[in-house]
Amino acid sequence: MTIEEKLIAGVQAAVKALYGMEATAQQVQLQKTREEFEGHLTVVVFPFVKAARKAPDMVGNEIGQYLVEHVGDVVAKFNVVKGFLNLVISDAPWIALLNQINADPKFGFQPVTDQSPLVMIEYSSPNTNKPLHLGHVRNNLLGSALARIVEANGNKVVKTNIVNDRGIHICKSMLAWLKWGNGETPESSGKKGDHLIGDYYVAFDKHYREEIKELVAQGMDEEKAKQEAPLIKEAHEMLVKWEQGDPEVRSLWKKMNEWVYAGFDETYKMMGVSFDKIYYESDTYLEGKEKVMEGLEKGFFYRREDGSVWADLTAEGLDEKLLLRSDGTSVYMTQDIGTAKLRFQDFPIDKMIYVVGNEQNYHFQVLSILLDKLGFKWGKDLVHFSYGMVELPNGKMKSREGTVVDADDLMAAMIADAYEASKERVKQTEMPEEEAREVARKVGLGALKYFILKVERKNMLFNPEESIDFNGNTGPFIQYTYARIASILRKANEQGVVIPKELSTLNSQLSTKETELIQKLNQFPAAVRQAGTDYSPSGICNYCYELTKAFNQFYHDFTILGETDETLKFFRLSLAQAVAKVIRLGMGLLGIEMPERM
């Protein structure tokens, strides 16, 4: 039994013995004792006052006395403040709790079994006409962290990606490459494939704008010029050929997409992001059309005079939604239905989570209703993990396009900044160059990930300089604390100190800071559960930061290796070891690596 479980059982026994009251576990309200009062845990006595027919303070004193007499191995002493019973926990339960934490390599995580629900999480959703950008960084980091948190809560997880690999925007890059590429490849240019294709997408836009400008100068209306410009007409002709399966167009499309995928893979690897299954819009849109036609036959949808197919959602308080255009072509909603169909065929999904920006809130509200109508059991309860935009305070890391912050450039700049910051902190001679570069990679990417994930789902401003700070609520601050503990444990090992696997009694009493640190460690499972319930990576960030602060306060006040009392030295080393493990587990949920030295 945990300390909390023993106390709840003790209070239940106390009110029955003292007042004849059969209290439920829910009626026993336990909370952390406020800092200004002595104690670790507080019992709210007001639920028992009516049965006792006594003043709250008297009830608190009577229950407190009962606990000292009957659960003395847990409760050392107590005090009562205005109906709140503050309990000071004995040392033995804290030591036993620390032993449990150290003994469990996956402390705080729920096991995944064959009976665990299967949760599918979709994130990333890139287009194959440009590299991943800052918006994709936030999306990928959120989706990847969410997958780890959901799994840590005892669910099977399948991570999926839907690649937008068809449409007019893809044809624009293809056409530009045909016109101005001169056979350029990633190998011949030395560019990543996604960057190369992105450059041609920008080239198309540049020439297209020039054509529009020229037509407007000749007296044509700007809107008409956008439609009549030769380039856009050619791009549309290429799209039609693609739709018809033209061998040349399809061959070019496949070749250029492969370049992009190779580039994406490098970016994902650097970001620490992966997928179990990737779906492609070029496969799913036809499946979606088929599913919409099935819904039309069953009377879920209706056809208008022009041949277009619609869903009437006015009964659900929404509007009418287009599913197939009059020419039979699909819209995004149709493609999402098709993707859902393929996924449901591939996996026995119990819950589906879409990690997509908040500009798509209405889209997923509609998708949920349509999937439910079409018979997908998880449709009604699909989760749209919605979040806001991320921006930079200045244009330092703008990409070649001049409008989008490139993911590769951003990560490279973060790693370079971390390397420069580390040079200012330590002499380069203290660490081999290769190790210094590896630490900079972990710290730079850790700074980026933590800064983005610690913010709730609202719009955010990403400030690279703030994120690299080694003080405050940042990734490097937590990483530095972890490295400090690793250094202490290394020195202990060098001195021949062997930390016992299990601690026994101490020669002296534990301090408040020591018991508070164990109490904070014990909150980790609850933090993981809450983050899973709320779909909130930021909850894990907050916990890791609070734990790190608590350790630093303890480390400021107490010596570890210099402690002369051997039992206390072993205890503090064991405590530091547990803190390092929980920090590593917590930050691991965020995809952040911990350097052993900094």
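Residue numbers count from 1 along this sequence.
- Taking the charged nitrogens against the carboxylate oxygens, Arg572 and Glu563 do have a contact shorter than 4.0 Å, which makes a salt bridge.
- Phe551 and Phe554 have their aromatic ring centers within a separation under 6.0 angstrom.
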Show me, pair by pair, the donor-acceptor contacts under 3.5 angstrom made by side chains of residues 269-278, not counting sequence neighbours?
from   : atom 1 : to     : atom 2 : distance (Å)
Ser274 : OG     : Lys159 : NZ     : 2.9
Asp276 : OD2    : Lys159 : N      : 2.7

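- Contact check on Lys513 versus Glu516 returns no salt bridge, with no Lys/Arg side-chain nitrogen under 4.0 Å from an Asp/Glu carboxylate oxygen.
- Thr42 and Asn86 share a donor-acceptor pair across their side chains, judged by distance under 3.5 Å alone.
- Of the candidates Val390, Leu142, Leu448, Leu448 is the only one forming a side-chain contact (heavy atoms from CB on, under 4.5 Å) with Val137.
- Separating the OG atom in Ser386 from the NZ atom in Lys458 is a distance of 14.0 Å, to the nearest 0.5 Å.
- Using a 30° and 60° split on the angle between ring planes, Tyr480 and Phe470 fall in the perpendicular class, above 60°.
- Counting heavy-atom neighbours within 6.0 Å of Glu434 CD, excluding the residue itself, gives a total of 12 or less.
- Between Tyr545 and Phe477, the ring planes are perpendicular. Angles over 60° get that label, and only those under 30° would be called parallel.
- Surrounding CD of Gln495 are more than 12 heavy atoms belonging to other residues, nucleotides or ligands, all under 6.0 Å away.
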Exercise. Mind running side-chain contact (heavy atoms from CB on, under 4.5 Å) on Asn161 and Glu122 for me, showing each step along the way?
Key: CA-CA 5 Å; Asn161 184 359; Glu122 175 196 292; 6.0 Å; no
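- Summarising the local packing, NZ of Lys491 is surrounded by 12 or fewer heavy atoms from other residues, nucleotides or ligands at distances under 6.0 Å.
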Practice problem: Test Tyr354 against Phe364 for ring pair (Phe, Tyr, Trp, His ring centres under 6.0 Å), laying out the working first. | Solution: CA-CA 9 Å; Tyr354 293 88; Phe364 284 99; 4.8 Å; yes
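- There is no side-chain donor-acceptor pair under 3.5 Å between Ser124 and His136.
- Salt-bridge annotation for Arg437 and Glu433: present, with a side-chain N of the basic residue lying under 4.0 Å from a carboxylate O of the acidic one.
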Practice problem: Could you go through the side-chain contact (heavy atoms from CB on, under 4.5 Å) check for Val119 and Lys156 one step at a time? | Solution: CA-CA 6 Å; Val119 180; Lys156 294 182 214 165; over 6 Å; no
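- A side-chain N or O of Asp336 and one of His363 form a donor-acceptor pair less than 3.5 Å apart.
- Proximity of the aromatic rings of Tyr261 and Tyr280 is defined here by a centroid distance below 6.0 angstrom, and this criterion is met.
- Note: Trp94 and His40 have perpendicular aromatic rings, judged against thresholds of 30 and 60 degrees for the angle between ring planes.
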